[in-house]
Amino acid sequence: MGTILIVAEIQKGVIREASFELAAFAQKLAGSGHEVKSLVVGQGVKGLAEEFAQRGGGEVLVAEAEALANYSADAFTQATLAAVAASGADLVLISNTPSGWDFAPRVAAALDAAFVTDCFDVSDEGGAIGFKRRIFNGKLDAQVKATGTVVATVQPGATPAFEGSTEGKTTDLDAGIGECKTKFVEIKIAESKGVDLTKADVIVSGGRGLGAPEKFTEVVQPLADALGGAMGASRPVVDAGWLPHEYQVGSSGQVVTPKLYIAVGISGAIQHLVGMKGSNFIVAINKDPDAPIFEVADVGVVADLFDIVPALTAAVTAAKG
Ligand SMILES: Cc1cc2nc3c(=O)[nH]c(=O)nc-3n(C[C@H](O)[C@H](O)[C@H](O)COP(=O)(O)OP(=O)(O)OC[C@H]3O[C@@H](n4cnc5c(N)ncnc54)[C@H](O)[C@@H]3O)c2cc1C
């Protein structure tokens, strides 16, 4: 039986939903006798720490310092290491968010700990902690057992947030932040090109299966237009520069809940699913019958998208007269 340290994350003045998902993971292990502690860092964050203590965080260590007011890899790593020393934690849980994947490896390296990334489930395996993580684009689930000191990152959206109330308390932690090689300069909000997928009733998203950027204007956009909807995309499409980031659906893009979501040539990796699985009705078009996207689809079409999508566009256009 060990001690778990959750590193909570604050975004836009509130604790991120992903941190309550870490609390759900930790509380699951608490059922097997593990003690749950947490770390909240920032400035003026006592109130948030108290909230977290009552929502699954256990004893919440609060590290307040000017260097922690905004994210910096150095300062957050130092604060986490101080919290590990103060709590005696042997399992550190960090969200697999952009800041999480920046400082979690530094914490693991400094602790010489086992490092398990992008998990979606956790269990006590009697002397080891078991983790589940998706591999090969979501086609296989790997089971990993780790012993000793472990740092794990957890995929946001992969597990429901902790809903109950718990008895916790807050304790001040002097993280003793020393010299930092990186420092916060400013936050720049990316300029939006006018696409707001969160407001669209219908989204037709294209993935790597489209094969080339021009196929979005030739194949995906006409169907989106015929349905009066918007066009979306998976991350590789955005990474390749085929479409700007505001089109990206998924854990590092937009979370959308349209009435109708049509996934075209998208495999259904967990990072994409967490961005669209709350859609009211999901249609998936993929030539691979084993594509994981079909697990969340209300209607699945196993076919070549270049046959189906133009035919669908023509049918919708004809039906509208
Ligand atoms: C930290 C992290 C964050 C991430 N965030 C996101 C995110 O926000 N959003 C996101 O989407 N991904 C994200 N990813 C990437 C994710 O893991 C997958 O790599 C990605 O979603 C795969 O995109 P895809 O489905 O378009 O491509 P692929 O997985 O390559 O799938 C292409 C699909 O097209 C099908 N296909 C090919 N040709 C045809 C055809 N002619 N007709 C029909 N079907 C065809 C194939 O069968 C295949 O299933 C993230 C990954 C990490 C590690």
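Every number for a ligand or one of its atoms is a count from 1 in the order of the listing.
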Would S99 and E9 count as having a side-chain donor-acceptor pair, cut-off 3.5 Å? yes
A student comparing D288, V255, I285, N286 should find that the heavy atom closest to atom 48 (C) of ligand 1 comes from N286
Test of understanding: with salt bridge (Lys or Arg N to Asp or Glu O under 4.0 Å), list the residues that count as partners of K28, not counting sequence neighbours. D121
Could you tell me whether V249 approaches ligand 1 through its side chain, its backbone, both or neither, with non-hydrogen atoms closer than 4.0 Å? backbone
Nearest neighbour of atom 33 (C) of ligand 1 from the list G265, P156, S252, on a heavy-atom basis: G265
Under-4.0 Å salt bridge between D201 and K259: yes
For D239, check salt bridge (Lys or Arg N to Asp or Glu O under 4.0 Å) against everything at least two apart and list the hits. R235
Counting only heavy atoms closer than 4.0 Å, does ligand 1 sit against the backbone of P236, its side chain, both, or neither? side chain
Could you tell me if any non-hydrogen atom of A303 lies under 4.0 Å from any atom of ligand 1? yes
Which of the numbered atoms in ligand 1 are below 4.0 angstrom from a heavy atom of G253? 8 (O)
Taking both backbone and side-chain atoms of G207, is any N or O found less than 3.5 Å from an N or O belonging to ligand 1? no
Out of A291, P289, A263, S267, whose heavy atom sits nearest atom 28 (P) of ligand 1? S267
Quick one: look at A269 and ligand 1, take heavy-atom pairs under 4.0 Å, and tell me if it's side chain, backbone, both or neither. side chain
Of the listed options (F294, F306, W101), which comes nearest to atom 1 (C) of ligand 1 when hydrogens are ignored and any heavy atom counts? W101
Under 4.0 Å from a heavy atom of G250: which atoms of ligand 1 are those, numbered in the order shown and with their elements? 7 (C), 8 (O), 9 (N)
